Every structure is written in structure tokens, then in C-alpha cells.
K.L.:
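The structure that follows is given in the form of C-alpha cells.
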Amino acid sequence: MKNAIAQLVQQALDALKQDGTLDADIVPTIKIERTRDKQHGDFASNVAMMLAKKAGCNPRELAQKILQHLPQSADLVKAEIAGPGFINFFLAADTSQRVIEQILAAGEAYGRSDIGKGKSVQVEFVSANPTGPLHVGHGRGAAYGASVADLLEAVGFDVHREYYVNDAGRQMDILATSVWLRYLELCGEEISFPVNAYKGDYVWDIAATLHRENADELRHSRESVFFGIPVDEPEGGDKEIHIDAVIDRARALLGDKQYRQVFELGLNTIREDIRRDLEEFGIVYQDWYSEHSLMHSGAVDNAIERLKMSGHVYEENGALWFKSTDFGDEKDRVIVRDNGQTTYFASDIAYHAEKLERGFDRVIDVWGADHHGYVPRVRAALQALGDDDKKLDVLLVQFAILYRGGEKAQMSTRSGEFVTLRELRHEVGNDAARFFYVMRKCEQHMDFDLDLAKSQSSDNPVYYIQYAHARVCSVQRQLEEKNLPRDIGRGQANLSLLTETHEQDLLTAMTKFPEIVEKAAIIHEPHQLAHYLRELANFVHTYYNAHTFLVDEENLRDARMNLIEAARQVLANGLRLLGVSAPESM
RNA sequence: GCCCCGGUAGCUCAGCAGGAUAGAGCAAUCGCCUCCUAAGCGAUAGGUCGGACGUUCGAAUCGUCUCCGGGGCGCCA
């Protein structure tokens, strides 16, 4: 409808160019907007104010001339000048009533569009280290990334969801070592567990599996493990040096094969656990991309070689540095350490270069806001490699800070004191969790009040929206129970009976849905959809309270049934995009 | 010190690709179930949009400065 009105305005402007009121070389961008206030009609344009200066007359005069040249249209009942020079457009009642037909015909497809048609986009999100179960902080990136991906798909993009598995770094060695030490304890060894090792219960579980499958085969005495190892923090040592030494010892005692066995048991167990967790949360990935596979395939070395060729690499203090300051980064970054190991950053350069090589038109990374300093160096690397870093969007999600009983709750994977995403899902339900996470724009710090989220109170708007959906379903059940006939065609033929203010409000709200989906997708803001659904649900509840749907008059009843069925469909489609279910009864 | 995010009603937040009188939920007060689920609806009350300057016909929205709060600045990942 926006486009249709814009075309009418365009024709009027062309006419004004013909008669010399406007210079022929003016190419205005015609903006048609939804009005905020019903008194201002349905749509408004500010072209007259934008062009008044160039036309050499005041905005209202120009608006008047535009109106004189505006072609007739069956969609519009009137167009008028208002305020400082706005042109307000009033839709004919049957124009908005027609949306019911569109919705009933399109069903689940209503709201979808093809503005992204033929374009592929990769969305990488969560990508938490597989060193433990996902916690509540990861949940926000998960819900947000999933909704962004689903929205993009809804507007026609070919979407590829990907999880980058950091299965190659030091943290994974710490995990493997933690598992092994717990295993030794299960074998009966008395171990002083390192401060820096992973302490969660899940480590015990993995160790138990290891012990079940291998009995004491991987056992070494406490003395042989800790002999000559620098002391840990509680004894006045350095916890980092201590854990690194224990890792080296584990490797030496177990040998490559056995160490790898422990390592992979830990990795696979946790990665599968995360995969299941997210799947239960309604999130399915097309690919779980392994960092280790990047290194194994030579992609990392290859990327480093290409960087060298580009001339933006130098050696210093035995390490290899990427001169990212050439591209605006605040300092240069190490890509190969003095011990010969490549850094995480080196892997990430290779990974991002590889993403672009795969041919995606757009690449989206959803990261925690604590990684924001990381963005310039990744862009720098892509530029150095001659790749187009403009294809990359990095969306930073601020932390969700947990509150319990009014107090900040601490989270740390290593200390094992955290609330897992799974716990949260089980306590508040997947629907509430998904909705709650995307209710606020991602740059907003989020206070996640666990008590509030756990209490299934009406404070949580997800119930409000779901209830609107369930209410419509309930009316439909009532219709059947009362053996009232339902004739969709008769309803369609009598839409003109829907003249109540509440009905018009609901119709207008439903026509906005495709615009909301499009906007939310393009600017990556699912919260806009969340707010819209709340508003739509409000119109449904208000209408429900103000009017009876199951009236005796058949024509009106069928028209109203069609209207609320359309509203139900829009609610369901919107909730689906946010990963929230649309229950038929509550 | 540098960088990112936030500062809008008592509380939690929308609005910010400039537009008309700044909106919602919660909390408060008052109403509405012999009637399709009251997990609902209606009404009242509540604001110098942190502050200053600038750009503009027009600024909560854009720019600069400043104050306050949160976070980030590793040869960790």
C-alpha cells in the first residue's frame, strides 16, 4: 500500500514538473509513513515540506498543488493537507478489509516476502566454547540469533545457521585435563584439583563415563602427576602456570592416543549436550563448524601465508604479528606465538576468509558485547586479504545480568556456579525464555530477574499474547459446540459489516504485519516484532471484551469469524518467528 | 587513557534511516464477569526525553562537548 501511494505522489510530482512548478532535475525520495494518530489518516507524506524550498513556495501551497494533480484511486477515500504541510491519506474501509482475504489465502505465509530473494546470508551465533553446558548468558545470543535468522528467512533470504566450535584451544586442554583428574579421583587417587580447572558436575559425569569405559587403564599415581609441577595459587603459585604444567604432564603420561581419547570424549559429550539443548530451545543449525578442522585442513596456515604475501605481517620477539594498525586497529595483533602455536585470532581470520569464500552475500556474526574490541581486527584482516569486509555484520549482544532475590547472581563456568540455559528453560518454559530474551533490543543491557522469570505471572507478556491466540481458538470451539454453521465465503461477502472502531483498529494493525517483519529483519531487531505482537494482542483482547462474536445474525457472525481467524493467523505467524508456540487453549 | 553500550513516567522499557500533542507494561486509585476463558477490558494519575551548544522549516531522534552508570581493552579463547 505504501508503494501504491508513493506511485500516486510520484505521478503528481511528474505533472508538476511538466507545468514548471518543479525543476525537472529534482529527484525526490518519496517517503510514505504510517501515521501515529488515527486523526491523521492511515499514511502521511512529508514531500511537500522537503521540496518547498526548491519549489520556491511554502509547504502547504506545494502540498495543495500536489493534491490537485494526485490521480484518483479506489484505495483512498480522501487526502488532505495537515499541520505544517503533511499530506494525509485516508484509506477506504474496504481496502483494509481486503487484508482478511490476503491473510486467509496466505495462511502461514502471510508476512513473508521476497526482498531477500536470491541472496544468501550466513548467521553464526552462540558459538560458545564446548567446555561446559550453555548458561543463561548464552541464551540471549541463542534466542536473538535464531530470531534474526528466522526473520531473514521470512523475507526471502537463503539462510545458513552456523555454530563455530572452538575445539582447538587451550581451554579445551584444560577441560580434557579436568576430566582426567576427576577420573583419577574416581580411580581412588587423592587429587588437589587445580583452581583453574573446570569444576562443574558435568566434568564428574564425563569422568564417570571415561571410568566406566576404561576402568583403571588411564590411571597414574597422584605422585607421578604432580611431581615437580609448580605449585597452584592457594600454595602461593600461579594458577595459569600450574594448570599448563598439569596439561603437559597429562599429555606426557597418557601419550597422544589416550590423551586424544580423553579430549574427544569431553568435546563430543559437551558439544552433543549443547546441540540437544539448543534443539530443545527450537534452534537447529545447518552446520557445526570445527576450528580444529580449519587448522587440520591447512586453512589457517594458508590464511597466514596470504597475509604474509599482502605485506602486513612482521616478526617481533619471536612471534608473528599482523599489522592491523594499517587498517585502523588500535594495536597490532599476534597471529603466531613465540612457541609456534597459532592464536585464536589466526583461526578466526581463516574462518572469516573461508566464510566469504563460500560465497555468502552477507555474513552475520552474533557476538557477546565483550568481544567488541575484536571487531576492528577481524575487519582489518579481511581487508588485508583483499576480501570485502562490508559483507560482514557483527551484531553485539549485551550481557544479560542475572538477579536473584534482588541480588546479582554470579556466573562462572569454571567455578561451576552458574545457572544453565537448560535450568532456565525448564523453570520458565521455552516460550517465556525465547520471548523474554528478544523483548529488548540487543544493545540494551538486560536485567534478567530470575524470580520474575520463574514466576508464571502475567508480568510476562508472552502469556498475554498466547492468551489472545487461545481465546480466538476458544471462540472457534464454541462455534462448533453450539453447532453454528460457518461459511467463510459468506463472511468474505459481508466484510463491509465490520464497521466498529475496534474492528478497524484490528484490521489496520494486521496490515502492518508484513512491514514490521520486513523492518525487524533488515535492521536485525526482533524486539520490534515482539512489541508489535503485544499491541496486536491488545487489539484482540479489547475487541473481545467490547463485542460478542457469536451473534445470531449470520452475515455479521461469519464476517467476525473471518476477522478473528485472520488475527489468530497473524499472532501465530509472529510468535513462530520468535520461536514461541501458539497454544490453542490455556 | 582509549573503545563499546546505556541514561525517556515511581520501576522495567518502546519510540531514535528527523516529523504533528513523547508511548506501553508493572506498581497506585477507581470501575467491568446471570454474557464467546477476568491469564482479560475500561478510566484516572504520573515526563524540564541526564545537561549544554550546534545543524534544520522541524530534534527524544543527527553532530560536538560534558556528567552519570555498565562493560571491554592478553603471545586467553
Side-chain angles (χ1 to χ4, degrees), chain A residues 29 31 33 35-37 39-40 44-46 49-50 52-53 58-59 82-86 88 127-129 131 166 168-172 174 240 291 316-321 330-331 333-345 347-348 368-376 396-399 401 439-447 449 452 456-468 470-479 481-482 484 502 519 522-523 527-528 530-532 534-535 537-538 540-551 557 560 564 585-586:
Chain A
T29 48
K31 219 165 96 181
E33 291 184 312
T35 55
R36 216 179 286 175
D37 189 334
Q39 292 182 350
H40 299 139
S45 177
N46 62 354
M49 288 182 287
M50 302 293 284
K53 217 172 209 179
N58 77 48
F86 288 102
N88 291 337
S127 300
N129 285 351
T131 52
N166 296 128
R170 174 170 172 262
Q171 299 304 324
M172 289 306 298
I174 296 179
E240 306 290 348
E291 179 188 2
E316 194 175 287
N317 298 331
L320 195 66
W321 296 71
E330 54 188 14
K331 55 176 288 197
R333 311 290 174 178
V334 171
I335 48 178
V336 182
R337 277 177 281 202
D338 57 5
N339 65 7
Q341 286 194 335
T342 56
T343 59
Y344 173 81
F345 178 43
S347 295
D348 233 14
D370 54 330
H371 285 65
H372 85 266
Y374 203 77
V375 180
L396 298 172
V397 179
Q398 291 289 332
F399 283 132
I401 302 162
M439 246 171 63
R440 303 205 180 135
K441 61 182 174 193
C442 68
E443 310 96 82
Q444 182 73 247
H445 291 276
M446 187 162 95
D447 292 344
D449 187 330
L452 182 68
Q456 298 209 351
S457 71
S458 57
D459 293 357
N460 197 331
V462 68
Y463 294 114
Y464 182 86
I465 299 166
Q466 289 181 318
Y467 182 39
R471 261 187 159 172
V472 173
C473 294
S474 174
V475 173
Q476 291 168 342
R477 281 192 299 272
Q478 288 284 323
L479 185 82
E481 283 168 21
K482 291 180 179 174
L484 294 169
H502 292 108
K519 188 181 181 195
I522 297 303
I523 63 177
H527 78 272
Q528 302 232 5
H531 285 276
Y532 165 83
R534 221 244 155 233
E535 191 181 292
N538 178 239
V540 171
H541 286 308
T542 303
Y543 181 35
Y544 180 96
N545 273 275
H547 300 282
T548 306
F549 306 150
L550 301 179
V551 291
R557 187 176 69 226
R560 286 187 170 168
I564 61 169
S585 68
M586 287 175 76

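Each chain gets a letter, A, B and so on, in the order the sequences are listed, and its residues count up from 1. These figures come from a predicted structure and were not determined experimentally. Note: hydrogens, waters and symmetry copies are ignored here, and every other heavy atom, side chains too, is used.
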K.L.:
Please tell me if A:Arg477 has a side-chain N or O lying less than 4.0 Å from either OP1 or OP2 of B:U37.
P.N.:
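No, A:Arg477 has no side-chain N/O under 4.0 Å of OP1/OP2 on B:U37.
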K.L.:
Got a donor-acceptor contact below 3.5 angstrom from the A:Asp348 side chain to the A:Tyr344 backbone?
P.N.:
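Not confirmed, A:Asp348 side chain does not pair with A:Tyr344 backbone.
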K.L.:
Determine the contact category for A:Asp338: base if any of its heavy atoms lies under 4.0 Å from a base atom, sugar-phosphate if only primed atoms, P, OP1 or OP2 are that close, otherwise nothing.
P.N.:
base
K.L.:
Can you tell me how far P in B:C65 sits from the matching atom in B:C5, rounded to whole Å?
P.N.:
14 Å
K.L.:
Nearest of B:C36, B:C13, B:C75 to any side-chain atom of A:Asn317?
P.N.:
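The answer is B:C75, which lies nearest to the side chain.
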K.L.:
Just verifying a value: how many Å separate A:Tyr543 OH and A:Arg560 CZ, rounded to the nearest 0.5 Å?
P.N.:
4.5 Å
K.L.:
Is the phosphate of B:G25, meaning OP1 or OP2, less than 4.0 Å from a side-chain N or O of A:Arg440?
P.N.:
no
K.L.:
Separation of A:Glu443 atom CD from B:C5 atom C1', in whole Å?
P.N.:
8 Å
K.L.:
Step by step, work out the side-chain contact (heavy atoms from CB on, under 4.5 Å) result for A:Lys31 and A:Asn46.
P.N.:
CA-CA 7 Å; A:Lys31 219 165 96 181; A:Asn46 62 354; 4.2 Å; yes
K.L.:
Just to be sure I understand the rule, does A:Gly169 reach a base, reach only the sugar-phosphate, or reach nothing, if contact means heavy atoms closer than 4.0 Å?
P.N.:
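Contact class for A:Gly169: sugar-phosphate only.
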K.L.:
Examine B:G15: is either OP1 or OP2 under 4.0 Å from a nitrogen or oxygen in the side chain of A:Lys441? Give yes or no.
P.N.:
yes
K.L.:
Can you tell me how far C1' in B:G72 sits from the matching atom in B:G10, rounded to whole Å?
P.N.:
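That atom pair is separated by 33 Å.
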K.L.:
What one-letter contact string describes nucleotides 17-24 of chain B from 5' to 3', where B marks a base within less than 4.0 Å of any protein heavy atom, S marks contact via sugar-phosphate atoms alone, and - marks no contact?
P.N.:
BSBBB---
K.L.:
Can you tell me the base-pairing partner of B:C49? Count Watson-Crick or G-U wobble geometry only, both distances below 3.5 Å, and say none if there is no partner.
P.N.:
none
K.L.:
Taking only side-chain nitrogens and oxygens of A:Gln444, does any of them come within less than 4.0 Å of OP1 or OP2 of B:U12?
P.N.:
no
K.L.:
Can you see if the side chain of A:His527 gets near the phosphate of B:G15 - specifically, an N or O under 4.0 Å from OP1 or OP2?
P.N.:
yes
K.L.:
With a 4.0 Å cut-off on heavy atoms, is A:Phe345 in touch with a base, just the backbone sugar-phosphate, or nothing at all?
P.N.:
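The residue A:Phe345 makes no contact with any strand.
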K.L.:
What is the distance, rounded to the nearest whole Å, between atom OH of A:Tyr464 and atom C1' of B:C26?
P.N.:
13 Å
K.L.:
Distance between the C1' atoms of B:U56 and B:G42, in whole angstroms?
P.N.:
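Approximately 42 Å lies between the C1' atom of B:U56 and that of B:G42.
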K.L.:
In whole Å, what is the span from the CD atom of A:Glu240 to the C1' atom of B:C75?
P.N.:
13 Å
K.L.:
How far does the C1' atom of B:U12 sit from the matching atom of B:U34, given to the nearest Å?
P.N.:
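Going atom to atom, C1' in each nucleotide, I get 40 Å.
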K.L.:
Could A:Arg557 and A:Phe549 be counted as a cation-pi pair, given that NZ or CZ must be under 6.0 Å from the ring centre and within 45° of the axis?
P.N.:
no
K.L.:
Classify A:Gln476 by what it touches in the nucleic acid, base, sugar-phosphate, or nothing, heavy-atom distance under 4.0 Å.
P.N.:
nothing
K.L.:
When you compare B:C13 with B:C57, how far apart are their C1' atoms, in angstrom units rounded to a whole number?
P.N.:
32 Å
K.L.:
Taking the P atom of each, how far is B:U8 from B:G51, in whole Å?
P.N.:
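Between the two P atoms, the distance is 10 Å.
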K.L.:
Could you tell me which nucleotide pairs with B:G58 by Watson-Crick or G-U wobble geometry, both distances under 3.5 Å, or answer none if nothing does?
P.N.:
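Here B:G58 is not engaged in any pair, so there is no nucleotide opposite it.
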K.L.:
Counting any heavy atom closer than 4.0 Å, what does A:Ala546 reach on the DNA or RNA strands: base, sugar-phosphate only, or nothing?
P.N.:
nothing
K.L.:
Under a 3.5 Å cut-off for both distances, is B:G25 Watson-Crick or wobble paired, and to whom?
P.N.:
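Pairing partner: B:C11.
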K.L.:
Distance check needed: B:G25 P versus A:Met439 CE, whole Å only.
P.N.:
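Value for this atom pair: 13 Å.
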K.L.:
At under 4.0 Å between heavy atoms, what does A:Ala369 touch on the DNA or RNA strands: base, sugar-phosphate, or nothing?
P.N.:
nothing
K.L.:
Is there a donor-acceptor pair closer than 3.5 Å between any side-chain N or O of A:Asn129 and the backbone N or O of A:Thr131?
P.N.:
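Answer holds: no.
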K.L.:
Which part of the nucleic acid does A:Ser585 contact within heavy-atom distance under 4.0 Å: base, sugar-phosphate only, or nothing?
P.N.:
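A:Ser585: base contact, heavy atoms under 4.0 Å.
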K.L.:
So what does A:His547 hit on the nucleic acid, given a heavy-atom distance under 4.0 Å: a base, only sugar-phosphate, or nothing?
P.N.:
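Touches a base.
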K.L.:
Are any non-hydrogen side-chain atoms of A:Leu550 and A:Gln478 less than 4.5 angstrom apart?
P.N.:
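Touching, per the 4.5 Å side-chain cut-off.
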K.L.:
Respond yes when some side-chain nitrogen or oxygen of A:Thr542 is under 4.0 Å from OP1 or OP2 of B:G40, and no when none is.
P.N.:
no
K.L.:
I'd like the C1' distance from B:G46 over to B:A27, given in whole Å.
P.N.:
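One C1' to the other, the span is 12 Å.
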K.L.:
Please identify each residue that fulfils ring pair (Phe, Tyr, Trp, His ring centres under 6.0 Å) with A:Tyr374, with sequence neighbours left out.
P.N.:
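Counting only residues at least two positions away or on another chain, A:Tyr374 forms a ring pair (Phe, Tyr, Trp, His ring centres under 6.0 Å) with A:Phe345, A:Trp367.
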K.L.:
Looking at the base of B:C3, is there any donor atom on it, or on the side chain of A:His372, that sits under 3.5 Å from an acceptor on the other one?
P.N.:
yes
K.L.:
Is B:C33 syn or is it anti, if syn means the base angle is within 90 degrees of 0?
P.N.:
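Classified syn.
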K.L.:
Between A:Asn339 and A:Asn538, which is nearer to the 5' end of RNA chain B once each is assigned its nearest nucleotide?
P.N.:
A:Asn538
K.L.:
Which whole number of Å gives the distance between the C1' atom of B:C41 and that of B:U64?
P.N.:
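Those two atoms are separated by 48 Å.
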K.L.:
Of A:Val336 and A:His531, whose closest RNA chain B nucleotide lies nearer the 5' terminus?
P.N.:
A:His531
K.L.:
State whether a side-chain donor-acceptor pair under 3.5 Å links A:Glu291 with A:Ser347.
P.N.:
yes
